[in-house]
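Comments concern the structure below.
Please read all numbers here as calculations on a predicted model, not as lab measurements.
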Amino acid sequence: QVQLAESGGGLVQAGNSLRLSCAVSGRTLSNYVMGWFRQAPGKEREFVVGIRWSGGRTVYADSVKDRFTISRDNATAMVYLQMNSLRSEDTAVYYCAARRGIAVLTASYEYDTWGQGTQVTVSS
């Protein structure tokens, strides 16, 4: 099983950018899908974006499309979430997640490994 550790969260003004990182360790990742989810206070955890490690197919939530970009680095086993044009509604704890398989699924229960989360706060 893989282990995940997020970093890069913080406080940022609306309209600015932030990059989150997820360090992945423990397994060969060619058969994994990586995802970013977020959870705002009082709300359910929601899918943000996912990427198939092998081939790089991505799926984005409509709310972040054209603003957020996911990428992965094979050499360092890192997953990144570049967040641009941030809005107050992007404020949440962001989680990196992993699942074995090739389908980039959007339901949180499909992912069996999670990081500890990193807080992103966007001030308006």
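Note on Leu81: it clusters hydrophobically with Val79, by side-chain heavy-atom contacts below 4.5 Å among ILVMFWY residues. Side-chain heavy atoms closer than 4.5 Å link hydrophobic residues (I, L, V, M, F, W, Y) into clusters, and following such links, possibly through other members, connects Val12 to Met83. Trp36 and Val33 sit in two unconnected hydrophobic clusters of ILVMFWY residues. Membership requires side-chain heavy atoms under 4.5 Å apart, directly or through other members.
Between the side chains of Thr113 and Gln1, a donor-acceptor pair is found at a separation under 3.5 Å.
Atom-to-atom distance recorded for Met34:CE and Leu4:CG is 4.5 Å, nearest 0.5 angstrom. The CD atom of Gln39 sits 9.5 Å away from the CD atom of Glu46 when rounded to the nearest 0.5 Å. From Leu86, atom CG reaches atom OG of Ser124 across 12.5 Å, with rounding to the nearest 0.5 Å.
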Kindly list each side-chain donor-acceptor pair under 3.5 angstrom involving residues 88-105, sequence neighbours excluded, with atom names and distances?
from	atom 1	to	atom 2	distance (Å)
Asp90	OD1	Arg38	NH1	2.9
Asp90	OD1	Arg67	NH2	3.0
Asp90	OD2	Arg67	NH1	2.8
Asp90	OD2	Arg67	NH2	3.4
Asp90	OD2	Arg87	N	2.8
Thr91	OG1	Ser88	O	3.0
Thr91	OG1	Val122	N	2.9
Thr91	OG1	Val122	O	3.4
Tyr94	OH	Arg38	NH1	3.0
Tyr94	OH	Asp90	O	2.6
Arg99	NE	Glu110	O	3.3
Arg99	NH1	Ala103	O	2.8

Residues 13-24, side-chain donor-acceptor partners within the protein, below 3.5 Å, at least two apart:
from	atom 1	to	atom 2	distance (Å)
Ser17	OG	Asn84	OD1	2.8

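In terms of heavy-atom proximity, Tyr60 sits nearest to Phe47 at C-CE2, 4.2 Å. Of all the heavy atoms in Val48 and Phe68, the pair that sits closest is CG1-CD2, 3.8 Å.
Side chains of Ile51 and Val49 form no contact here, defined as non-hydrogen atoms less than 4.5 Å apart. The shortest side-chain heavy-atom distance between Thr69 and Tyr80 does not fall under the 4.5 Å cut-off.
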Pair Trp114-Arg45, side chain to side chain contact (heavy atoms under 4.5 Å, CB included): steps then yes or no: CA-CA 12 Å; Trp114 295 82; Arg45 192 168 297 188; 3.2 Å; yes
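Judged by distance alone, the side chain of Glu6 and the main-chain N or O of Gln116 form a donor-acceptor pair under 3.5 Å.
Contacts classified as disulfide (SG to SG under 2.5 Å) and involving residues 48-95 (residues at least two apart or in different chains) are not found.
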